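For reference, the structure discussed in these notes is given below.
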Amino acid sequence: MNTTDIRQKLHHYIETAKDKKVKAMYTMVEDEIEETYDYWNDDEFVAELKRRQIAHLKGQTKTHTLSDAASEIKQAIKKVNKKR
């Protein structure tokens with residue numbers, strides 16, 4: 001599994017995890033998070049942004065209108081609230 005896939009899985013997990021688990025994870029990495037990180041000096045990060053920009057400009061990526069995004073967010077909130 002590549003780093004991008006891992007990040008996506010972690011993002012999803014954190015978005016849906018219970019508060020207690022999120023707080024525990026934060027405690028483990030709090031010091032690292034608080035450090036200043038200069039993304040523009042990260043060659044991998046900048047390359048990924050350029051790749052995404054090129055894909056977007058070529059029409060190779062799916063884009064969303066603001067109303068589409070709002071609708072998807074509302075649906076996600078409904079799903080989360082049903083699980084509680």
Side-chain angles (χ1 to χ4, degrees):
M1 183 180 310
N2 66 34
T3 304
T4 302
D5 292 337
I6 293 169
R7 283 191 177 120
Q8 288 175 347
K9 286 183 178 256
L10 285 170
H11 281 285
H12 177 72
Y13 180 78
I14 290 169
E15 289 169 3
T16 59
K18 296 190 185 243
D19 291 349
K20 186 176 180 180
K21 288 186 179 184
V22 173
K23 288 176 184 178
M25 288 186 286
Y26 181 78
T27 300
M28 292 183 341
V29 295
E30 182 176 6
D31 291 340
E32 292 178 35
I33 290 173
E34 297 302 324
E35 292 176 9
T36 302
Y37 181 72
D38 186 2
Y39 293 98
W40 303 112
N41 286 326
D42 182 338
D43 292 337
E44 185 178 336
F45 175 78
V46 173
E48 178 65 15
L49 284 181
K50 287 180 182 178
R51 183 194 67 75
R52 290 182 185 197
Q53 178 188 30
I54 291 167
H56 171 72
L57 294 174
K58 289 182 177 181
Q60 298 172 336
T61 57
K62 182 178 179 182
T63 57
H64 302 274
T65 65
L66 181 56
S67 63
D68 289 342
S71 176
E72 289 182 29
I73 290 167
K74 288 176 185 176
Q75 289 174 4
I77 290 170
K78 284 180 184 178
K79 285 182 183 178
V80 169
N81 288 336
K82 284 182 183 179
K83 291 181 180 180
R84 291 182 181 182

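Please read all numbers here as calculations on a predicted model, not as lab measurements.
More than 12 heavy atoms of other residues, nucleotides or ligands lie within 6.0 Å of CG in D38, so this atom counts as buried by the packing criterion.
Residues meeting the ring-ring contact (aromatic ring centres under 6.0 Å, His included) test with F45, sequence neighbours left out: Y39, W40. For the side-chain hydrogen bond (donor to acceptor under 3.5 Å, both in side chains) test, residues two or more places apart in sequence or in another chain that qualify with H64 are E72. With sequence neighbours left out, R51 forms a side-chain hydrogen bond (donor to acceptor under 3.5 Å, both in side chains) with E48. Remark: Q53 engages L57 in a side-chain contact (heavy atoms from CB on, under 4.5 Å) (not counting sequence neighbours).
Interatomic distance, OG1 of T4 versus CD of E44, reported as 7.0 Å (0.5 Å rounding).
Here the side chain of T27 pairs a donor or acceptor atom with the backbone of K23 at under 3.5 angstrom.
Hydrophobic cluster of Y13: the remaining members, joined at side-chain heavy-atom separations below 4.5 Å, are I14, V22, M25, listed by chain and number. The hydrophobic cluster containing I73 also includes I77, under a criterion of side-chain heavy atoms closer than 4.5 Å among ILVMFWY residues, counted directly or through chains of members.
Within the 4.5 Å cutoff, no side-chain heavy atoms of T61 are placed close to those of R52.
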